[in-house]
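Everything below concerns the one structure shown next.
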Number of protein chains: 2
Amino acid sequence: MTLRALLLSGWVRSVRPQKENLFLHVNDGSSLQSLQVVASSELNHRLLTFGSAVEISGSLVTSPSRKQDVELQADQIDVVGECNPIKEKHGLEYIRQFPHLRCKTNVFSSLLRIRSEATTAIQQYFKEKGFIQVHTPVLTSNDCEGAGELFQVEPAGQEKNQDEEGHQHFFSVPAYLTVSGQLHLEVTAGAFPGVYTFGPTFRAENSQSRRHLAEFYMVEAEISFTQSLEDLMKVMEDLFRSTTEHLLSQCPEDVALYHKHVITYTEAINILNSSSKKFAFKTDWGSDLQTEHEKYLVKHCGDVPLFVTDYPYALKPFYTRDNQDQPLHTAAAVDLLVPGVGEMCGGSLREERLDLLKTRLAQAGLDETYGWYLDLRRFGSVPHGGFGMGFERYLQCVLGVDNIKDVIPFPRYSHSCLL
Amino acid sequence: MTLRALLLSGWVRSVRPQKENLFLHVNDGSSLQSLQVVASSELNHRLLTFGSAVEISGSLVTSPSRKQDVELQADQIDVVGECNPIKEKHGLEYIRQFPHLRCKTNVFSSLLRIRSEATTAIQQYFKEKGFIQVHTPVLTSNDCEGAGELFQVEPAGQEKNQDEEGHQHFFSVPAYLTVSGQLHLEVTAGAFPGVYTFGPTFRAENSQSRRHLAEFYMVEAEISFTQSLEDLMKVMEDLFRSTTEHLLSQCPEDVALYHKHVITYTEAINILNSSSKKFAFKTDWGSDLQTEHEKYLVKHCGDVPLFVTDYPYALKPFYTRDNQDQPLHTAAAVDLLVPGVGEMCGGSLREERLDLLKTRLAQAGLDETYGWYLDLRRFGSVPHGGFGMGFERYLQCVLGVDNIKDVIPFPRYSHSCLL
């Protein structure tokens, strides 16, 4: 039965010439599903190969086969873009060497569709909750809490622009690529109930591991007028749940839904110390949790997403809110650990009390640098908190992808910046 | 009439103490509109000043005044964040010096809401049209057609990592901040009918003009299986129209709707040469259109958005499709000029014919550098085209804002990278 006339534009995924008929599978990029095309053998052509781009006009009809509901009976086939001979199937590692061609594979075109849907889902989630999306800057003069592994930026050929004193910086001050939009988000949280940012962040980490990229995407949010970690955890959990539900509703694949668990840092240390397992890193109270610890804790709690709260004050950056719970002195910080990936989100309440923040910055010798940050507390500050989620780690977790380089279109890492 | 109990969290926009009653306007960041709060004079407090953050519980009631429908009768007022004395009104130029505080002004909090809505609208438009959103990289080893004014990136403190040969680049090759996602988009357009990117791009332009930023946002799109500039122009116009309609539907303000006009570059040159106006720059066929020309053309055509098509081949980058229309040799490129701003979008069909592209790259000595780009034409290339829209210029145009620095949260330009 003819359903309608159709002009199909797409790429050939298979060519099966038979005696009377030619069978093609053609993919138009809108989904993983290709359309079967049936044509008279006379329409076959030497340029009609795997990967070639075609425009095919014909009739969409009910398919006699059980493998598909419909197929296209072709009247005319035009090869609009030929394709050099190419193998149909390759491993992820092999195709990673060809970033300009890997979106032509099934697995990577799926990834790009999922990444796009996940981006939509994240933005929809925050919009429905009344958050404002803020484009926090990539370039910053903030040296990001003195953290190492910053990229510095100057105009190419800067040597020529030196004055007698040495460098004349383009921005008058040294400029870096952002490692987090948090401080800029806190600025805008001074006028809105909720703000978020979703964009690239950078680390000059000399690592080629499966876990690290020099450029990766972060979702970061700040929420005003909140005083409890529970409020933050609710947003982190809702974001994860609604984004994942959106992805599931767009995919036929079944994905296990998650339960969750909440423990404090102090409970986590007790669990680690009662374990018979030998850890490479220290597990005494005050030590930071390492990947090996995080993986053990996730397993111990039943391989479900795990919130760990209230970390030692001394481990956390200056802006983390003091729990004032001496002698075990903790701060209101929370991490979300997930199976297979480890830390996916990290958040905290921010110290809104001017005197405490001032003292802490002065002790660190940072009170001049962060004068503007102290100002935020002088001009209508509110109790607020926020968190960041690694977008690539989220995708790895949901998709079970082992290497972070396989969930980003153009991976950048040390010694590799292809294209 | 009591409508409901309410807990209001927000920032004080005005304090008017009267004999028996205290009147406040409190803004919660969700819109420009503040809520009037009425309280007994006893609830006044010296910390209750313009800019302070408050939590107020009370009853939402019908207002006796005609100025508002409802008001909040306060039972309790807590100042959760005090605010140092601050003037209520300042010009855009003055507040630009305080990026950490300017979102507390009406005009800039409006801008942030509009920017967020426009971002949503752009993403919704492309999603409805079946485009995939691609996160094209900020870091690139591509020196972007040899264009000047690139930022180069190395780890901070790179000097220490030099080997005997001089620099040891972090990425093994020099890396730059992207000036356009177009080439990366073309890669992904090799597997999808339509792709777009929306993110920051960079120019190391030593300019402090009202028109230039070192970091700004671009919307860029590529469309496969298209052969005509009309197809591209339709998307550019639809994007502009639907984004603006979305903004209008969210704002009470009335904004004039636009008509449009289409002329070729050759017609544009004829218009300029028949004019009695003296231009500073040349107007002979083959010269690029300067801002003064663009402004004249927009005015000449009735101060409406103006598409200019088919520019001289020699003026356009290597990837622009050759119109093969000797002796007046043009390429299939189009710019969208708008009143007040000048060029807002630029687009072209991309040269999909391998032989023509190869010859052109060889003539420019770029065939080795762009081997991967030639590859795209060897592996199922299709006729395609795309365009870029300056997001800040779009906002300037729609809002009538004169200085580009006033439509971005944290402006970066030469000698200025505050925060």
What option among [options] has the most heavy-atom pairs under 4.5 Å with chain B?
options: A:Arg377, A:Glu352, A:Arg113; value: A:Arg113
options: A:Pro137, A:Pro383, A:Gly29, A:Gly81; value: A:Pro137
options: A:Arg412, A:Gln133, A:Arg353; value: A:Arg412
options: A:Asp28, A:Thr136, A:Val195, A:Val173; value: A:Asp28
options: A:Ser172, A:Ser52, A:Gly10; value: A:Ser172
options: A:Ala53, A:Ser9, A:Cys103, A:Ala204; value: A:Ser9

Per-residue contact mode, [X] against chain A (heavy atom under 4.5 angstrom):
X: B:Tyr373; answer: neither
X: B:Lys127; answer: side chain
X: B:Phe108; answer: neither
X: B:Val138; answer: both
X: B:Phe391; answer: side chain

Please round to the nearest 0.5 Å and tell me the distance separating atom [atom1] of [X] and atom [atom2] of [Y].
X: B:Phe126; Y: A:Ser116; atom1: CZ; atom2: OG; result: 11.5 Å
X: A:Leu183; Y: B:His100; atom1: CG; atom2: NE2; result: 12.5 Å
X: A:Thr120; Y: B:Gln124; atom1: OG1; atom2: CD; result: 9.5 Å
X: A:Phe170; Y: B:Glu149; atom1: CZ; atom2: CD; result: 8.5 Å
X: B:Leu101; Y: A:Arg378; atom1: CG; atom2: CZ; result: 10.5 Å
X: A:Trp372; Y: B:Phe98; atom1: CH2; atom2: CZ; result: 15.0 Å

Heavy-atom pairs under 4.5 Å with chain A: which of [options] has the most?
options: B:Gly199, B:Gly51, B:Gly130, B:Gly190; answer: B:Gly190
options: B:Glu215, B:Lys104, B:Arg102; answer: B:Glu215
options: B:Pro200, B:Pro193, B:Ala175; answer: B:Pro193
options: B:Phe131, B:Phe171, B:Tyr217, B:Phe192; answer: B:Phe171

**Message:** Let's go through B:Leu177 and A:Leu177 carefully: what are the C-alpha distance in whole Å and the side-chain angles of both, what is the deciding distance for side-chain contact (heavy atoms from CB on, under 4.5 Å) to 0.1 Å, and is it a yes or a no?
**Reply:** CA-CA 10 Å; B:Leu177 298 186; A:Leu177 298 187; 3.8 Å; yes
For [X], is it the side chain, the backbone, both or neither that has a heavy atom under 4.5 Å from a heavy atom of chain B?
X: A:Val79; value: neither
X: A:Pro99; value: backbone
X: A:Phe202; value: side chain
X: A:Val153; value: both
X: A:Glu82; value: backbone
X: A:Glu186; value: neither
X: A:Ala118; value: neither
X: A:Ser224; value: side chain
X: A:Ser109; value: both

**Prompt:** What are the two closest non-hydrogen atoms of A:Val80 and B:Phe225, and how far apart are they?
**Reply:** CG2-CE2, 4.0 Å
**Where A:Tyr176 and B:Ala156 come nearest, the two heavy atoms and their spacing** = CE2-CB, 4.0 Å
**Prompt:** How about B:Phe50 and A:Phe379: are their ring centres within less than 6.0 Å of each other?
**Reply:** no
**Prompt:** Side-chain donor-acceptor pair under 3.5 Å between A:Gln123 and B:Gln123, yes or no?
**Reply:** yes
**Item:** Plane angle bin for A:His135 and B:Phe198 - parallel if under 30°, tilted between 30 and 60°, otherwise perpendicular
**Value:** perpendicular
